[in-house]
Structures are given as C-alpha cells and as structure tokens.
Amino acid sequence: YERKVKRQKISTYLPFVGMRKTTTLDLGRLKVDISVIVERLENNIKLTGEAYYSEIYSTLANKLDLKKWKDALNNKLEILADLQEVYQNLINTTREDLLSVLVIILIFIELVVGILSYIKV
C-alpha cells in the first residue's frame with residue numbers, strides 16, 4: 001500500500017499505442033509473490049513431527065487468529081485476479097478493435113485498386 005504510484009506516459013492513454021500487457025503480468029507476479037510468501041510463512045510456523053510444537057502452533061494460530069489473516073489475503077488475491085481479468089479483457093478488446101480497423105482499411109484499399117483498374121481498362 002505504501003508503494004509510490006508510477007507516473008504514466010501520455011502514450012499510455014492512447015487506444016492502440018498505449019495498451020500495456022505488463023499490467024496483467026505485474027498483477028500475475030504479485031499474486032504469485034503473495035502466494036509464495038503465505039506458503040513460506042505457514043511452513044515456517046508449522047513445525048511438524050512433535051506434538052508439543054503442533055500444540056504451540058495451534059495455540060498461536062488461535063491467539064493470532066491466522067484464519068482471518070489467511071481469509072483476508074485470499075480476498076485480496078481474488079481482487080487481484082479480478083483486476084487481471086479486467087485488464088486482459090481490455091487488451092483483448094483493443095486488439096479486436098485494431099483488427100477490425102485493419103480489415104476495413106484493407107477492404108478500402110482493395111476497393112480503390114479495383115476502381116482504378118476498372119477506370120484504366
């Protein structure tokens with residue numbers, strides 16, 4: 001939350017030029033990082049093999065209410081997944097628009113070439 005916001009270039013807001021795929025990649029990396037950190041924390045806290053350590057872990061988990069922490073992290077990961085999906089849909093829509101414009105341009109060029117060849121005959 002305390003990370004500084006990067007200033008975006010003007011070209012970022014242009015429809016076809018400014019789309020960045022790195023946004024979805026950044027969100028994906030962030031999701032993986034959070035998952036790995038949570039897994040490492042859980043593995044470090046869990047000391048398996050002895051009943052005494054597992055009892056300490058259970059007591060510590062109840063006192064610190066680790067279930068709520070894990071649920072909060074899972075909610076944040078779901079939000080990141082939703083954001084990643086929104087960005088990916090935006091990128092896909094932009095690509096479809098670009099392809100539509102290119103098809104229209106190609107049809108127009110073919111029409112002009114056909115009219116010019118008909119006039120010269």
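Reckoned from all heavy atoms, side chains included, excluding hydrogens, waters and symmetry mates. Sequential numbering from 1 along the given sequence is applied to the chain's residues.
- The side-chain contact (heavy atoms from CB on, under 4.5 Å) with R95 is formed by just one residue from the set I91, T93, L98; it is I91.
- To the nearest 0.5 Å, atom NZ of residue K76 and atom CG of residue L83 are 13.5 Å apart.
- The hydrophobic cluster containing V112 does not contain I104, counting ILVMFWY residues as joined when their side-chain heavy atoms lie under 4.5 angstrom apart, directly or transitively.
- In this structure, the side chains of L90 and V86 stay at 4.5 Å or more apart for every pair of heavy atoms.
- Every side-chain hydrogen bond (donor to acceptor under 3.5 Å, both in side chains) that N92 has, sequence neighbours left out, goes to Q88.
- In terms of hydrophobic clustering, with Ile, Leu, Val, Met, Phe, Trp and Tyr side chains grouped at heavy-atom distances under 4.5 Å, I107 and I115 are assigned to different clusters.
- Note that the CD atom of Q84 and the CG atom of L77 stand 11.0 Å from one another [nearest 0.5 Å].
- In this structure, T94 OG1 and N89 CG are separated by 10.5 Å, a value rounded to the nearest 0.5 Å.
- From L116, atom CG reaches atom CG of L111 across 9.5 Å, with rounding to the nearest 0.5 Å.
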